[in-house]
Amino acid sequence: MATNTEPQISQESIASFHEHLGKSKRILALLGAGLSASSGLPTFRGKGGLWRTHQSMSLATPGAFNEDPGLVWQFYSYRRHMSLQAKPNPAHYALAALAEKIPGFQTLSQNVDGLSPRAKHPPKQLQLLHGSLFDLKCADRHCGYIREDYTDPIVPALAIPTSGADLTSNETREQDISDVSVSIPKLKHHELPQCPKCKKALLRPGVVWFGENLPFTVLETVDDYLASREKIDLMLVIGTSAKVHPAAGYIDKARQRGARVAVINTDENDRPPRGWNDGDWFFCGDAAQILPELLK
Ligand SMILES: CC(C)NC(=O)[C@H](Cc1c[nH]c2ccccc12)NC(=O)[C@H](CCCC/N=C(/NCCC(=O)O)S[C@H]1O[C@H](COP(=O)(O)OP(=O)(O)OC[C@H]2O[C@@H](n3cnc4c(N)ncnc43)[C@H](O)[C@@H]2O)[C@@H](O)[C@H]1O)NC(=O)OCc1ccccc1
């Protein structure tokens with residue numbers, strides 16, 4: 001099923017959704033890369049999930065960092081750069097506004113791009129399940145050093161290469177290093193971000209890699225929300241393929257607590273497979289266009 005540009009949504013389903021939203025006190029949302037697609041950031045599955053010749057998911061592992069920390073840092077520095085260039089879109093703001101309005105609204109984001117925080121989403125109602133590109137921490141977990149950092153590039157060796165000056169505009173253009181035809185240097189250990197505390201280990205991005213546990217405080221907050229005896233009225237599943245766990249597992253946990261599910265996705269095939277029932281909604285289209293309408 002090809003993804004269509006104009007959201008095909010029946011007024012009737014919007015009306016039934018609004019009627020339920022109006023009665024909802026406890027709402028849970030799961031956010032994925034599709035939420036930031038309209039801000040110009042590639043999704044994990046976009047471009048076949050490839051960064052240069054590498055599966056993005058294969059670079060998001062402790063093993064890849066141990067094997068070639070320079071390449072993994074070039075991958076994450078590129079994503080920091082792109083995220084800093086990007087801006088939150090109307091969907092990020094619509095979610096932040098709903099959180100301001102409904103104290104019982106808790107948002108679980110799989111995104112590490114910093115766009116929801118930049119849309120002033122209330123921090124107590126935003127759980128960054130997989131960390132942030134803008135936290136740097138010591139690669140030696142016994143050291144424990146961590147800092148928030150928005151410098152770009154973090155070190156000179158991670159600067160995005162630019163092309164020679166264009167003859168007409170005499171402007172240099174940034175090269176797109178996600179494209180394998182653009183050559184990038186093999187970086188040496190001493191050129192990479194070093195831990196200023198233990199002065200032995202490298203710094204690494206403050207994200208959760210595959211095979212690593214999610215942040216304890218975040219898991220605790222989500223479990224407390226789910227542990228409440230009160231039912232959950234609504235589960236919003238926004239721009240995610242819901243294939244990564246434990247994040248994807250929260251959809252069923254919300255269902256088990258009485259939630260009706262609303263999925264917002266450009267791809268019909270990406271509605272959660274299990275437990276779909278008549279009370280649920282599938283809104284096919286761009287989250288940046290649909291959410292402001294849905295959440296008003
Ligand atoms: C691949 C998957 C099967 N593997 C896992 O889930 C693994 C293993 C596992 C654990 N439990 C399981 C149970 C079953 C099976 C496997 C497992 N999980 C883990 O390792 C987790 C840690 C997972 C976190 C990994 N880190 C990420 N990110 C940070 C780094 C980084 O970003 O670099 S995951 C990363 O990938 C995922 C990508 O998914 P999406 O965001 O959904 O993006 P995607 O591109 O796939 O889809 C985009 C969607 O948007 C739609 N879309 C596009 N444009 C738009 C648009 N404009 N509007 C609306 N929608 C749109 C598209 O149609 C599409 O549907 C996100 O979670 C993202 O954060 N840790 C862990 O479980 O620890 C304990 C443990 C420890 C050891 C051993 C066992 C257990």
Side-chain angles (χ1 to χ4, degrees), residues 1-7 9 29-51 54-65 71-80 82-83 86 89-92 94-95 108-116 127-135 137 178 204-216 218-219 236-252 262-274 282-294:
M1 157 83 63
T3 53
N4 53 11
T5 50
E6 275 314 298
I9 299 170
L30 180 66
L31 314 181
L35 173 69
S36 299
S38 290
S39 296
L41 297 182
T43 64
F44 264 76
R45 310 230 324 258
K47 287 200 280 186
L50 281 181
W51 186 79
H54 308 277
Q55 273 297 332
S56 301
M57 288 198 176
S58 67
L59 292 172
T61 63
F65 190 74
L71 176 69
V72 171
W73 257 121
Q74 285 162 323
F75 172 58
Y76 281 100
S77 185
Y78 165 83
R79 292 172 63 193
R80 282 167 58 94
M82 297 293 285
S83 298
N89 65 52
H92 295 101
L95 288 162
L108 313 181
S109 183
Q110 301 170 84
N111 299 340
V112 295
D113 57 30
L115 294 184
S116 286
Q127 306 307 318
L128 301 178
L129 299 178
H130 298 160
S132 167
L133 290 169
F134 302 102
D135 285 341
K137 62 183 189 180
S178 72
R204 55 163 282 181
V207 298
V208 178
W209 282 331
F210 287 94
E212 293 186 324
N213 288 316
L214 276 55
F216 180 75
V218 167
L219 286 175
L236 298 170
V237 181
I238 302 165
T240 183
S241 57
K243 297 247 182 333
V244 170
H245 292 266
Y250 291 124
I251 301 170
D252 283 346
V263 175
I264 294 93
N265 198 300
T266 45
D267 188 343
E268 272 279 353
N269 304 319
D270 270 353
R271 73 172 72 199
R274 255 206 318 271
F282 184 84
F283 296 109
C284 187
D286 174 12
Q289 289 183 32
I290 292 176
L291 276 182
E293 170 65 21
L294 272 188

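Read the numbers this way: they start at 1 and go in the same order the structure lists the ligands and their atoms. The shown structure was predicted, so the numbers you read here are calculated from the model rather than taken from an experiment.
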| query | Any idea which heavy atoms bring Leu219 and Tyr250 closest together, and the distance? | reply | CD2-OH, 3.4 Å
| message | If the test is side chain to side chain contact (heavy atoms under 4.5 Å, CB included), which one of Val218, Val244, Asn111 qualifies with Leu129? | response | Val218
| Between Gly239 and ligand 1, is there a nitrogen or oxygen pair with a distance under 3.5 Å? | yes
| said: Below 3.5 Å, N or O to N or O, backbone or side chain included: is there any such pair between Gly32 and ligand 1? | reply: no
| Which is it for Ala60 and ligand 1 at heavy atoms under 4.0 Å: side chain, backbone, both or neither? | side chain
| query | Quick one: does Gly211 get a heavy atom under 4.0 Å from ligand 1? | reply | yes
| request: Using the side chain to side chain contact (heavy atoms under 4.5 Å, CB included) rule, pick out the option among Val207, Val112, Leu108 that qualifies with His130. | output: Val112
| Sub-3.5 Å donor-acceptor pair from the side chain of Thr61 to the main-chain atoms of Ser58, do we have one? | yes
| Who gets closest to atom 46 (O) of ligand 1 by heavy atom: Ala33, Ser241, Ser56, Ser39? | Ser241
| query | With distance as the sole criterion, is a donor-acceptor pair present between the side chains of Ser38 and Asn89 under 3.5 Å? | reply | no
| task | Using a 4.0 Å heavy-atom cut-off, say whether Thr43 meets ligand 1 through its side chain, its backbone, both or neither. | result | both
| task | Provide the number and element of each atom of ligand 1 under 4.0 Å from a heavy atom of Gly285. | result | 58 (N), 59 (C)
| note | Here the atoms of ligand 1 under 4.0 Å from any heavy atom belonging to Ala37 are 54 (N), 57 (N)
| request: Please state which part of Met57 comes within less than 4.0 Å of ligand 1, counting heavy atoms only: side chain, backbone, both or neither. | output: side chain
| At a 4.0 Å threshold, what atoms of ligand 1 neighbour a non-hydrogen atom of Thr240? | 40 (P), 42 (O), 49 (C), 50 (O), 65 (O)
| message | Please work out, at 4.0 Å between heavy atoms, whether the side chain, the backbone, both, or neither of Lys243 comes within that distance of ligand 1. | response | backbone
| Any idea which atoms of ligand 1 are less than 4.0 Å away from a heavy-atom of Val112? | 32 (O)
| Relative to ligand 1, is Ala287 under 4.0 angstrom through side chain, backbone, both or neither, heavy atoms considered? | both
| request: May I ask you to identify, for Asn265, whether its side chain, its backbone, both or neither come under 4.0 Å of ligand 1 on a heavy-atom basis? | output: both
| Quick one: which ligand 1 atoms are inside 4.0 Å of a heavy atom on Glu212? | 21 (C), 22 (C), 70 (N), 71 (C), 73 (O)
| Does Arg204 pair with Glu212 as a salt bridge, N-O distance under 4.0 Å? | yes
| field | Option with minimal heavy-atom separation from atom 57 (N) of ligand 1, where the choices are Leu41, Asp286, Leu35 | value | Asp286
| Option whose closest heavy atom lies nearest to atom 67 (O) of ligand 1, chosen from Glu268, Gln110, His245, Arg79 | Gln110
| query | Of the listed options (Ile290, Leu291, Val208), which comes nearest to atom 29 (C) of ligand 1 when hydrogens are ignored and any heavy atom counts? | reply | Val208
